[in-house]
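Please read the structure below before turning to the comments.
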Number of protein chains: 2
Amino acid sequence: MAIRAADSIFETLIDEIMAGQMVPGEPLVEQTLAEQFGVSRTPVREALHRLEQACLAERGARRAFVVRRMAPEDLAELFEATGEIESTLAALAAKRMSEIERRKLETVLDEGDACDDPAAYSEINSRFHEIIKSGARNSILASTLDELNLRTLAWRAANFREDSRRLASSRVEHRGITQAILSQDADTTRRQMCSHVASSYIVLSDILARRSPDRSGPQF
Amino acid sequence: MAIRAADSIFETLIDEIMAGQMVPGEPLVEQTLAEQFGVSRTPVREALHRLEQACLAERGARRAFVVRRMAPEDLAELFEATGEIESTLAALAAKRMSEIERRKLETVLDEGDACDDPAAYSEINSRFHEIIKSGARNSILASTLDELNLRTLAWRAANFREDSRRLASSRVEHRGITQAILSQDADTTRRQMCSHVASSYIVLSDILARRSPDRSGPQF
DNA sequence: TTGCAGTGACATGTATACAATAGAAAGCTA
DNA sequence: TAGCTTTCTATTGTATACATGTCACTGCAA
């Protein structure tokens with residue numbers, strides 16, 4: 001077999017979580033999944049253990065796996081961690097990006113300004129952040145950021161909406177970040193990125209604020 | 001069995017890597033380990049996959065697992081990432097630690113000043129960093145730091161020596177960090193912690209500097 | 001001597017059977 | 001009926017056999 005079954009099952013499950021077909025709390029039973037994928041329990045088992053390590057699955061009743069639920073407090077920590085690491089990457093990138101990368105960043109910025117379609121802007125936004133991530137010259141921090149972003153998959157699948165009002169402010173923030181990077185000002189870059197990420201997930205604050213204090217327990 | 005075999009094998013292997021009994025490049029063969037542990041290949045297999053995900057094992061010849069080797073450049077990235085995350089935790093802690101925690105930090109600082117035994121100081125040093133880590137109120141960043149520290153296990157087992165000259169400067173740096181935290185100055189805390197971590201691993205820079213440029217390839 | 005195809009061995013990948021465990025539900029007793 | 005014990009079942013944990021794949025080595029041919 002060219003590709004290992006365990007790998008493709010792992011990725012398929014991630015895709016389904018990302019697509020919202022697998023919602024938090026949904027059971028992940030080895031036998032059932034094995035039949036669905038037409039394989040034995042062994043590769044399914046491996047995929048589930050990898051999901052657990054990636055914090056996308058957890059143990060439910062009877063040691064069974066379920067798609068991981070997260071309390072809003074956990075999500076808040078997760079988003080904060082994501083923001084801090086991306087800010088760190090941006091600060092490093094401000095000092096280390098090559099001239100070519102800096103010009104590339106400006107190009108993407110201009111593309112974003114010229115784009116009004118939310119879906120297309122989302123792709124441009126990804127490229128913007130990718131350039132910064134690779135410009136930091138630290139693959140460990142970069143992959144750490146990727147892992148943390150992966151954990152928010154299920155939540156984003158269920159809660160994230162393209163918000164056209166965010167689009168305008170996002171453009172402004174990107175410009176601020178870019179200027180700070182171009183002037184190689186690491187501290188300013190960090191601050192700008194930090195507030196950019198924070199405002200991206202302002203939705204979460206709303207949700208947290210709306211929750212009555214006694215309604216605790218996993219929600220997502 | 002009260003505890004899963006896979007878990008105890010995983011931890012035993014980590015302990016052996018930490019103790020330097022398993023050196024980088026050493027083969028980890030499922031069948032061999034299964035016989036040593038008196039179990040079947042199945043739990044060993046799971047343990048090895050977990051080691052691989054934790055970046056402590058990698059694939060060698062014929063897809064076989066070996067204890068992970070790291071090029072000095074990888075180590076440099078790893079230490080940088082560790083330092084940046086710990087600095088971020090310190091910056092957050094400066095704003096968030098309770099009065100009790102701040103006093104506890106001072107207590108540990110005094111203990112460190114009064115301690116001349118390198119081994120005992122090492123334990124005090126750990127407590128100092130633990131207080132900061134938990135004071136940041138972000139378990140995601142905290143566990144991320146733990147994971148990264150775990151990756152340096154094999155290297156530390158082989159290369160780390162208690163250096164009594166470092167002890168004095170470490171004390172000074174800890175004092176600087178503590179003062180910055182007590183005055184709730186997040187930016188200064190970050191800078192102090194960043195340079196503290198950097199000087200802790202100054203040894204690595206020496207190793208990197210001594211290497212001739214053409215001698216590339218995994219070393220540790 | 002060099003290049004390449006065939007072969008063999010070693011290590012992992014997968015399938016399947018059986019064991020163990022942990023909740024849930026049923027039943028029993030005060 | 002509350003609380004305890006027992007039993008039962010769903011699900012994972014482990015053992016073992018077989019399949020697959022990869023690399024090294026051999027031997028032959030140009």
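All values below were derived from every heavy atom in this structure, side-chain atoms included, with hydrogens, water molecules and symmetry-related copies excluded. Letters A, B, ... are given to chains in the order of the sequence lines, protein chains preceding strands, and every chain is numbered from 1.
If you take CZ of B:Arg45 and C1' of D:dA19, they are 13 Å apart, rounded to a whole angstrom. Residue B:Glu58 contributes atom CD, which lies 14 Å from atom P of C:dT12 at whole-angstrom precision. Rounding to whole angstrom units, CD of residue B:Gln31 and P of D:dC18 are separated by 15 Å. Between the P atom of D:dT12 and the CG atom of A:Leu51 lies a distance of 13 Å, rounded to the nearest Å. Straight-line distance from the CD atom of A:Glu52 to the P atom of D:dG13: 9 Å, rounded to whole Å. Between B:Leu48 atom CG and D:dT14 atom P there is a gap of 14 Å when expressed in whole angstrom units. As rounded to whole Å, 18 Å separates atom P of C:dA20 from atom CD of A:Glu30.
Counting non-hydrogen atoms under 4.0 angstrom, B:Leu28 reaches the backbone sugars and phosphates but no base.
Heavy-atom distances to DNA chain C give each of A:Arg63 and B:Ala61 a nearest nucleotide, and the one nearer the 5′ end belongs to B:Ala61. The 5' end of DNA chain D is approached more closely, in terms of each residue's nearest nucleotide, by A:His49 than by the other of A:His49 and B:Arg62.
For B:Arg59 and C:dG13, the shortest distance from a side-chain N or O to OP1 or OP2 is below 4.0 Å.
Evaluation of the ring pair (Phe, Tyr, Trp, His ring centres under 6.0 Å) test over residues 11-41 of chain A, restricted to residues two or more places apart or in two chains, returns none. Sorted by first then second residue, the ring pair (Phe, Tyr, Trp, His ring centres under 6.0 Å) pairs that include residues 8-35 of chain B, not counting sequence neighbours, number zero.
Ion pairing between B:Lys104 and B:Glu99 fails under the 4.0 Å rule for side-chain N and carboxylate O. Comment: A:Arg50 engages A:Asp7 in a salt bridge, judged by a side-chain N to carboxylate O separation of less than 4.0 angstrom.
Every residue two or more places apart in sequence or in another chain that forms a side chain to side chain contact (heavy atoms under 4.5 Å, CB included) with B:Glu130 is listed here: B:Lys133. Residues forming a side chain to side chain contact (heavy atoms under 4.5 Å, CB included) with B:Arg127 (at least two apart in sequence, or on another chain): B:Val108, B:Glu111, B:Glu123, B:Ile124.
Note that the two end axes of the helix from C:dT1-D:dA30 to C:dA30-D:dT1 enclose an angle of 10°, each drawn from 5 base pairs, rounded to 10 degrees.
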List the steps and the verdict of side chain to side chain donor-acceptor pair (under 3.5 Å) for A:Ser199 and A:Glu173.
CA-CA 10 Å; A:Ser199 57; A:Glu173 290 156 19; 3.2 Å; yes
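Using a 4.5 Å cut-off on side-chain heavy atoms (C-beta onward), A:Leu13 and A:Val67 make no contact.
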Between N or O atoms, less than 3.5 Å apart, protein on one side and nucleotides 15-19 of chain C on the other: list the pairs.
from: C:dA15; atom 1: OP2; to: A:Ser40; atom 2: N; distance (Å): 2.7
from: C:dA15; atom 1: OP2; to: A:Ser40; atom 2: OG; distance (Å): 2.7
from: C:dA15; atom 1: O5'; to: A:Ser40; atom 2: OG; distance (Å): 3.4
from: C:dA15; atom 1: N7; to: A:Thr42; atom 2: OG1; distance (Å): 2.8
from: C:dT16; atom 1: O4; to: A:Thr42; atom 2: OG1; distance (Å): 3.4

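The aromatic rings of A:His196 and A:His174 lie perpendicular to each other, with more than 60° between the two planes, well past the 30° mark.
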